[in-house]
Amino acid sequence: MLAGPRVRFAPSPTGFFHVGSARSALFNWLLARQSPGGCFILRIEDTDADRNREEWVDGIITAMAWLGLDLDEGPFRQSDNVAQHSAAADALLAGGYLYYCDCTGEDVVARKGDNKTPGYDGYCRERHLVKGTNTALRFATPREGVTVVRDLIRGDVEFANRTIDDFVVAKSSGAVLYALANVTDDRNDRITHVIRGEEHLPNAPKQMMLWSALNAVSGDDVPLPRYAHLPLLVNEQRKKLSKRKDPVATESYRDQGYVAPAFVNYLALLGWSPRGDQEIVPLTTIIEQFRLEDVSHSPAFFDVKKLSHMNGEYLRAMSTEEFIDACAPWVAPWSTSWRPTDREVPWSEADFDAALFARVAPLVQERVATLGEVPAMVAFFFLEEAPRDEAAFDKTLRNDPLAQALLGVAVERFAETPWEASALHEATIELGEAMGLNLRKAQAPIRCAVTGSLVGPPLFESLEYLGRDKVLDRLHAALARCSG
RNA sequence: GGUCCCAUCGUCUAGUGGCCUAGGACAUCACCCUCUCAAGGUGGAGGCACGGGUUCGAAUCCCGUUGGGACUGCCA
C-alpha cells in the first residue's frame, strides 16, 4: 500500500490558540485528508517548561476538536521525547557536528564589532572545550556552499551557508532546544511535509543541516521532508498578528458565536481560494481542491467583517432546528455541555421559554451574523420588562403627543383584536390611518413600548408570540412613563 | 545593520504571455423590496507600486528601484 503524506501540527502552548495556528493546523489537516493514507499528527511542543501552561494545551485540543480537525496520531508531547533529543545531541557530538561553547551573550556582542555577519562568530569552534557548567552545544555550520530549501509554496530559497551562524542546539543545562528537538521528532515520526508559518523559513536551512547530520550519524537515511511556508496573517498595520495586541484567540470567535464550518471556510480563504467564483464552499470541496502549490505568497489580513458575513450565510443556511440547537449555548447555557465564557444571559432559566424561542428563532435567524447577537435580539420575550433604549423612548414616545395618543387607542383596539399577527398588522394600519400616520410611523411607538427598542424582529409576529396580556401591560406601562 | 520573503480594487483573492475593456467576494455608495432592523435583488465607484528590459504582444518572464514584512534567543 502506498503511504500517504505524514504531516504534523506542532504548536507551543504559550497562549491562546492563535488563528494563525488554526490556519496552519487546517492546511496540514487538508493535506492529510485529501490523500488516501494521509496522517495528521498533533505534537505539543512543550519543552520550554517556563512558558507552557496546561490550560493552553487544553485550549489547543478543544479548539481543534471544535474546528473538526481530527487527529490520526497524538496528541503527543514533545516533552515525552527528551531522552531521544539528548541521544540525538550525543550522537551529533560524537559525530563531530557539535562543539561546546562557553561564551556569554555579552561576549558574542563584544566581539562582533564591525563584523557584518550576524549571530555567533564561531569563536569556540576550535577551542575543543569539554562539557562544563556553562557550556552550550553549538552546531558547526558549513562555511561554504549553499543550502536550498525546496519550498512547495515559494519554490527554491537559497541560503549561503556562511550566513548561517553556529546556532545553539542544547543549553548549558543540557536541555535540547527547538531546532534539534523539532527535527528529531519529525525524523522519528517520519514526517513527509513540514507546513508552517513563514516566520519559520529562516529555520529551515538549519533544520535541513541537522536532519542530514542525523541521517549520517544514525545510518538511517530518512528522506528530508518537503517544506511549505505559509504566508503570515497580519493586522491592519501589516504586522504579524500579535497575541498581545490583536484579537487572535480562536476560542473567542467561538464564544462570539461564529460556527466552525464558517470559520474553517474563512480560514481556508486566507492564502488560498477554491476554483470558480464561489467562495462559500463545503469542506469536501476544499479538501478536494486544496493544493499547497496554489497557496499565495503574500501576507493576508484577517478580516472579521468578511468572517461575519460568511458566518451569517452559514447561519441562514441552517434548518430552523439546527439553528435552534446552535443557539442553545447562548440562550440556554444551563442546558449545554459547552458554553461561551464571559457571556451573561440576560434572563434566568425560569424566565426562558424554549417553545417560545423555537417560534421566534426563524425571525432572528435571518437577522444575525453571529450567535452571540441572538440574546439581545430576543431578550424582550423573556424578561418581565423589556430592556430600555431611553433615547429611542424619548424620541418616539416621551416627546411625541401624537404617538402617545396612538398608543392610547392601541391599548383599546388590541384588547379586542384577534390575537394573531395579520390581524394586529391590519389593526395597526387602521390605527395609523385614523391619525394620518403610515404604517412605518405607526408601528414605531408600539414597537418601542413593547420591545424597548426601535429595531428588532418583525413586530406583529412578536406581539402574537408575546401574548395579549404582556403586550397590553407594556403598552400601559409606556403610557404611564410618558405622563410620569 | 545582516539574511530571507513579499508586492492585482480599502480587504481577501482569480489571473501562470494573447480569452483582460483585469473576474469574484467582503466592505462602501445608490436604487428596489419593506412594519423597524436585517436578509434579498439591481446597479455604481474602486486595482495590476514605479522604472527599465525580453517579446509581434506583459498583470503575467528578467533586472533594478521603492515600499512592506519575517528572522536575526542558551524561545518555539
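Bear in mind that the values here come from a model prediction, so they are computed numbers and not experimental data. Below, chains carry the letters A, B, ... as their sequence lines are ordered, and counting in each starts from 1.
Dashed line: the shortest gap from a side-chain N or O of A:Lys171 to OP1 or OP2 of B:C75 is under 4.0 Å. Considering only side-chain N and O atoms, A:Arg316 lies under 4.0 angstrom from the phosphate OP1 or OP2 of B:G40. Regarding contacts with the backbone of B:A76, a side-chain N or O of A:Thr47 is found under 4.0 angstrom from either OP1 or OP2. Taking 4.0 angstrom as the limit, A:Arg440 places none of its side-chain polar atoms (N or O) nearer than this to OP1 or OP2 of B:U34. Remark: A:Arg138 is not in phosphate contact with B:G73, judged by side-chain N or O atoms under 4.0 Å from OP1 or OP2. Proximity of A:Lys240 to the phosphate of B:A70: no side-chain N or O atom is located under 4.0 Å from OP1 or OP2. Within the 4.0 Å cut-off from OP1 or OP2 of B:C6, at least one side-chain nitrogen or oxygen of A:His297 is found.
Listed nucleotides: B:U8, B:C26, B:U36. Nearest to the side chain of A:Lys306: B:C26. Listed candidates were B:U16, B:C26, B:C35. Nearest to the side chain of A:His309 is B:C26. For A:Val168, the listed nucleotide lying nearest its side chain is B:C74; candidates were B:G24, B:C37, B:C74. Minimum atom distance to the side chain of A:Pro202 is reached by B:C71, of the listed B:U8, B:C37, B:C71. The side chain of A:Ala300 lies closest to B:U13, out of B:U13, B:C37, B:A27. When each of B:C74, B:U36, B:A70 is scored by its nearest atom to the side-chain atoms of A:Ala136, the top-ranked nucleotide is B:C74. Comparing B:U36, B:A76, B:C6 by their nearest atom to the side chain of A:Ser298 picks out B:C6.
Within 4.0 Å of A:Glu45, counting heavy atoms only, lie sugar-phosphate atoms of the nucleic acid but no base atom. A:Ser296 comes within 4.0 angstrom of the backbone, heavy atoms only, and of no base. Nucleic acid contact for A:Lys441: none, since no nucleic acid atom lies under 4.0 Å from a heavy atom of the residue. Residue contacts for A:Leu459: at a heavy-atom cut-off of 4.0 Å it reaches a base atom on one of the strands shown. Residue-level contact check: A:Glu279 touches the bases, meaning some heavy atom is under 4.0 Å from a base atom. Contact annotation for A:Tyr178: base contact, defined as any heavy-atom pair under 4.0 Å involving a base atom. Across all strands, A:Leu177 comes closer than 4.0 Å only to sugar-phosphate atoms, never to a base (heavy-atom distances). When heavy atoms are screened at a 4.0 angstrom cut-off, A:Glu461 is found touching base atoms of the nucleic acid. Within the nucleic acid shown, A:Phe460 comes within 4.0 Å of at least one base atom, counting heavy atoms only. Among the atoms of the strands shown, none is found under 4.0 Å from any heavy atom of A:Gly312. Across all strands, A:Ala444 comes closer than 4.0 Å to no nucleic acid atom at all (heavy-atom distances). Residue-level contact check: A:Glu158 touches the backbone only, with heavy atoms under 4.0 Å from sugar-phosphate atoms and none from bases. A:Cys103 comes within contact range of at least one nucleobase, with a heavy-atom separation under 4.0 Å. In this structure, A:Arg154 reaches the sugar-phosphate backbone alone: every heavy-atom distance under 4.0 Å involves primed, P, OP1 or OP2 atoms, never a base.
Rounded to whole angstrom, the span from the CG atom of A:Asp151 across to the P atom of B:U3 amounts to 20 Å. As a whole-Å value, the separation of A:Asn182 CG from B:A76 P is 10 Å. B:A38 atom C1' lies 13 Å from atom CG of A:Leu315, rounded to whole Å. The distance from atom CG of A:Leu230 to atom P of B:A70 is 16 Å, rounded to the nearest whole Å. One atom, CD of A:Glu236, and another, P of B:C12, lie 11 Å apart when rounded to the nearest Å. Distance A:Asp303 CG to B:U28 P: 11 Å, rounded to the nearest Å. What separates CZ of A:Arg291 from C1' of B:A14 is a distance of 17 Å, to the nearest Å. One can place CD of A:Glu373 at 16 Å from P of B:C37, the figure rounded to the nearest angstrom.
Judged by distance alone, the side chain of A:Asn311 and the main-chain N or O of A:Leu307 form no donor-acceptor pair under 3.5 Å. Put simply, the side chain of A:Glu373 gets close to the backbone of A:Thr370: a donor and an acceptor are under 3.5 Å apart.
Judged by atom type and distance alone, A:Thr428 does not reach the base of B:C35 through any side-chain donor-acceptor pair under 3.5 Å. Side-chain atoms of A:Arg447 and base atoms of B:C35 include a donor and an acceptor less than 3.5 Å apart.
Taking the six-membered ring where tryptophan is involved, the planes of A:Phe263 and A:Tyr253 are tilted, since the angle between them lies from 30° to 60°. Between A:Phe167 and A:Phe139, the ring planes are parallel. Angles under 30° get that label, and only those over 60° would be called perpendicular. In this structure, A:His425 and A:Phe460 have parallel ring planes: the angle between them is below the 30° cut-off, well short of the 60° mark.
Taking atom P on both nucleotides, B:U54 is separated from B:U11 by 33 Å, rounded to a whole Å. Remark: the separation of the C1' atoms in B:C74 and B:U66 is 39 Å, to the nearest Å. Here the separation of B:C26 from B:G44, taken at their P atoms, is 16 Å to the nearest Å. Separating the C1' atom of B:G52 from that of B:C71 is a span of 32 Å, rounded to the nearest Å. Taking atom C1' in both B:G2 and B:A58, one finds a spacing of 35 Å when rounded to whole Å. Annotation: B:U8 and B:G41 have their P atoms spaced 29 Å apart (nearest Å). To the nearest whole angstrom, the two P atoms, one in B:C50 and one in B:A7, are 15 Å apart. B:C62 and B:G23 are spaced 27 Å apart, taking the C1' atom of each and rounding to whole Å.
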Checking ring-ring contact (aromatic ring centres under 6.0 Å, His included) for the pair A:Tyr258/A:Tyr314: CA distance, chi angles, key distance, verdict? CA-CA 9 Å; A:Tyr258 291 92; A:Tyr314 272 87; over 10 Å; no
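Ranked by how close their nearest RNA chain B nucleotide is to the 5' end, A:Thr14 and A:Arg238 are led by A:Arg238. Residues A:Val157 and A:Ser273 each lie close to RNA chain B; by heavy-atom proximity, the contact nearer the 5' end of the strand is made by A:Val157.
Here B:C31 sits opposite B:G41 as a Watson-Crick or G-U wobble pair (both hydrogen-bonding atom distances under 3.5 Å). Judged by Watson-Crick or G-U wobble contacts below 3.5 Å, the nucleotide B:A7 has B:U66 as its partner. The partner of B:C71, taking Watson-Crick or G-U wobble pairs whose two distances both stay under 3.5 Å, is B:G2.
Under 4.0 Å is where a charged nitrogen must lie from a carboxylate oxygen, and between A:Arg8 and A:Glu45 no such pair does.
Of the listed residues (A:Ser12, A:Pro11, A:Pro13), just one forms a side chain to side chain contact (heavy atoms under 4.5 Å, CB included) with A:Val57, and that residue is A:Pro13.
Remark: A:Arg125 fails to qualify as a cation-pi partner of A:Tyr123 under the 6.0 Å distance and 45° angle criteria applied to the six-membered ring. Both tests do not hold together for A:Arg388 against A:Phe393: distance to the six-membered ring centre under 6.0 Å, angle to the ring axis within 45°.
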